[in-house]
There are 2 protein chains.
Amino acid sequence: MAGRKTTIADVAQRAGVSKGLVSFALNGRPGVSPETRERILSVAHDMGWQPDARARALSTNRSLAYGLVLSRNPSVLSSDPFFPTFISGVERAISGPGHVLVLSVVESLERELETYRSLLESGRVDGVFLTDVRRDDPRLALVQELSAHAVVLGHPRVDAGFPTLSVSDEAALDALVAHLVALGHHELGLVVGPSHMLHAERWRDSLVAAATTRGLRTPRIVETDFSAEMGLAATRELLEGRTPPTAIVYANDHMALAGLGHARRAGIEVPRELSIVGYGDSDMTRYAYPSLTTVSVDVAEWGYRAAQLLMSQVEGGTDDVGQPPPARLEVRESTASVPERPVGP
Amino acid sequence: MAGRKTTIADVAQRAGVSKGLVSFALNGRPGVSPETRERILSVAHDMGWQPDARARALSTNRSLAYGLVLSRNPSVLSSDPFFPTFISGVERAISGPGHVLVLSVVESLERELETYRSLLESGRVDGVFLTDVRRDDPRLALVQELSAHAVVLGHPRVDAGFPTLSVSDEAALDALVAHLVALGHHELGLVVGPSHMLHAERWRDSLVAAATTRGLRTPRIVETDFSAEMGLAATRELLEGRTPPTAIVYANDHMALAGLGHARRAGIEVPRELSIVGYGDSDMTRYAYPSLTTVSVDVAEWGYRAAQLLMSQVEGGTDDVGQPPPARLEVRESTASVPERPVGP
DNA sequence: ACCAGCGTCTTAACCGGTTTAGAATGTACT
DNA sequence: AGTACATTCTAAACCGGTTAAGACGCTGGT
């Protein structure tokens, strides 16, 4: 009894009109008399008609789908709150109009590029999100070559012709440095992300700039891949130096938490002997002890706007959805006055 | 100069054959002479032909896409390592064959059901993953009604006719209880997930069973929604009771970490005065201080097999991919001998 | 009475693949 | 030579929608 799915032709036959008219009626286009439209709609409803996404995609040359490809390695990905949050924002924007997100996780940059290419060339998606933009990122060239739609997440330093959406965090980072300076800190340590990622580079530059304009020495910098493991190693490296920093700022929260764990294990009291600062304001920063001072970024809103921007790009509109709200400093328990004597052996 | 995408018809014309034959050649089907096949393939390659996923989906009635709908609230989702890890496993299985994952995040159970329905009815996906199965879960009826393909993540207690894939954890949970008993613990606290979720219920039952068979009193149980926030509240509730437990087992790692934070804040030393156990073995358990004793679940492998199973279901095959490896107890620093005197005021 | 113009509806092509029926050709067998 | 059969290929229908072009009837103006 299940039978075949009811198609637009079934509806047309039952309503006694042509396929084309049914299509017009269902899409609310003019040229259908009110009574007929009414009848078609009710027949379609009675028959439980649902549009076939594939057929529609083929004839309109629109999939109503958007692609996101993640190339972070699984272990970083698992503890990174960015993507789940970002995605939930994206969904909030696209699910209303019935659009859909195609997500891909890959293990290498080559596969990442291939995946973007195949998603776009096969017409599976109408546009893509580009996150973690790198220097000379081949994805920008690819998207341009395919003259596809894209939204870049990151900072406008990227000179590609794509709309860009970024959370401005200079002010928050400057406020953070001001906060640390007010607490008496002179020696900052920075645990940064991979320098080939533009946003990691920019984050570092913002902090260095804030530090120097506020009269601090150039911070010690250790580069990581954003993983908790490297966050831990970076912490150790910083603390074992000749003049260990009295405050360490991490490029994400879980590296900061790993650093916090290391400090405690090494018998260093946080924040009395060492101040620790995260980035992102993920859920766990609130529940750690001490709770983590961090920089709050409204990632869901970022995703929401990025999706809106991408949709409007595809529609050909030039809607300006506006930039997401700037980052905010969130002072919690992990930062305090600098200890009287430097930490260390 | 970009021009239109090259279609199969372009290739046919250039190779001097019919559309149909090109299709046969490209799909490696018999009935094409070796030389012609060769020629067609090389022409297709030269012209940079790529199949159009939409057209193929329409004519084959297969989208080569699979759906996953998450209905957890964004804050839980952001710190939950399950899904990113699961998804990375899924991707590893499906991306080879060129299939794709459609991900959706919704805010309510009604929307969840609607989303599954629309994904399946519109033909956007060929099958779905069902996670977090609940009692009388309407999704099972839905999938059956649509006679769609699905793989259930969770335990075979579900009597639906769908293939089920679950990580067996009874042995690990029993080993965990044995471990705690060996350390002298008598009073266990359990921080469980929502009781309407079958796997939460099952997790609780397994632990209660292990506890009673090992001669412990029935553990105190507090139910949560898996969020760190409720994990914290549950910890407080347990510790403020008349006879507080000497060990608390949490249904996931980030609740355990929140509990750990609370204990430390309350001046309770872990593990000297209180043992804490997580579940899932997420990355952060290693980097916390003390590092968290937990139950290790190979979620990526679970996702990998689930995807394989789903693909084989859709192909009509009855491949048995086998169950994922069982959970393992991972003893770290957060469990130790029971304190001489009970904790508390 | 005629034509213009409008609103309503149908026809048929089209999107880019897959697939079935059958044509054309060659080979083997009787 | 005639038939049976396999191989290779073509033509055309089909998947389920969208959409351009045009048919048809009605109204109103002259």
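We use all heavy atoms of the structure for the numbers below, so side chains are in, but hydrogens, waters and symmetry mates are not. Every chain is numbered from 1, with letters handed out A, B, ... down the list of sequences.
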request  = Determine the contact category for A/Ser18: base if any of its heavy atoms lies under 4.0 Å from a base atom, sugar-phosphate if only primed atoms, P, OP1 or OP2 are that close, otherwise nothing.
outcome  = base
task = Side chain of B/Ser33 only, please: which of D/dG17, D/dT8, C/dG16 is the nearest?
result = D/dT8
ask   = Base, sugar-phosphate, or nothing: which does B/Arg29 touch, judged by heavy atoms less than 4.0 Å apart?
value = sugar-phosphate
request  = With DNA chain C as reference, determine whether A/Arg37 or B/Arg54 sits nearer its 5' end, using the nearest nucleotide of each.
outcome  = A/Arg37
inquiry  = Between the base of D/dG17 and the side chain of A/Lys19, is one N or O donor paired with an acceptor at under 3.5 angstrom?
reply    = yes
message = Does B/Asn27 reach a base, just sugar-phosphate, or nothing at all? Heavy atoms under 4.0 Å.
response = sugar-phosphate
task = Scan B/Ser23 against the nucleic acid and name what it touches under 4.0 Å (heavy atoms): base, sugar-phosphate only, or nothing.
result = base
message = Let's see if you can work this out: which of D/dT19, D/dT10, D/dG17 has an atom nearest to the side-chain heavy atoms of A/Phe24?
response = D/dT19
task = Take A/Gln308 and A/Tyr304, measure what side chain to side chain donor-acceptor pair (under 3.5 Å) needs, and give me the verdict at the end.
result = CA-CA 6 Å; A/Gln308 284 196 317; A/Tyr304 179 72; 3.3 Å; yes
message = From CZ of B/Arg56 over to C1' of C/dC15, roughly how many Å is that when rounded to an integer?
response = 16 Å
Of B/Leu58 and B/Arg39, the one whose closest DNA chain D nucleotide lies more 5' = B/Arg39
request  = Check every atom of D/dT18, C/dT18, C/dC9 against the side chain of B/Ser59 and return the nucleotide holding the closest atom.
outcome  = C/dT18
ask   = With a 4.0 Å cut-off on heavy atoms, is B/Glu35 in touch with a base, just the backbone sugar-phosphate, or nothing at all?
value = nothing
message = Classify A/Val22 by what it touches in the nucleic acid, base, sugar-phosphate, or nothing, heavy-atom distance under 4.0 Å.
response = nothing
task = Let me know the distance between CD1 of A/Ile40 and P of C/dT8, rounded to the nearest Å.
result = 12 Å
note = The single option from A/Val151, A/Asp126, A/Val90 that satisfies side chain to side chain contact (heavy atoms under 4.5 Å, CB included) with A/Leu310 is A/Val151
query = Is the shortest side-chain N/O distance from B/Trp49 to OP1 or OP2 of C/dG17 below 4.0 Å?
reply = yes
note = A/Asp52 and A/Ala55 have their tightest heavy-atom pair at OD1-N, 3.0 Å
task = Starting at atom CG of B/Leu21, determine the distance to atom P of C/dG17, rounded to an integer number of angstrom.
result = 15 Å
inquiry  = Rounding to an integer number of Å, can you tell me how far B/Ile8 CD1 sits from D/dC15 C1'?
reply    = 15 Å
key: Plane angle bin for B/Trp302 and B/Phe86 - parallel if under 30°, tilted between 30 and 60°, otherwise perpendicular   = perpendicular
inquiry  = Heavy atoms from C-beta onward define the side chain here; which of C/dT18, D/dG16, C/dG16 lies closest to that of A/Ala55?
reply    = D/dG16
query = Under 4.0 angstrom, heavy atoms only, what part of the nucleic acid is A/Arg62 near: base, sugar-phosphate, or nothing?
reply = nothing
query = How far apart are the C-alpha atoms of A/Glu301 and A/Arg92, what are their side-chain angles, what is the distance that settles it, and do they pass the salt bridge (charged side-chain N to carboxylate O under 4.0 Å, His left out) test?
reply = CA-CA 9 Å; A/Glu301 180 67 19; A/Arg92 189 161 56 86; 3.5 Å; yes
ask   = At under 4.0 Å, does any side-chain N or O of A/Thr36 touch on OP1 or OP2 of C/dC9?
value = yes
inquiry  = Using a heavy-atom cut-off of 4.0 Å across all strands, would you classify A/Asp52 as base, sugar-phosphate, or nothing?
reply    = sugar-phosphate
note = Rounded to whole Å, CZ of B/Arg124 lies from C1' of D/dG16 at a distance of 15 Å
query = Please walk me through it: do A/Arg111 and B/Glu91 pass salt bridge (charged side-chain N to carboxylate O under 4.0 Å, His left out)?
reply = CA-CA 12 Å; A/Arg111 296 278 302 136; B/Glu91 287 287 344; over 6 Å; no
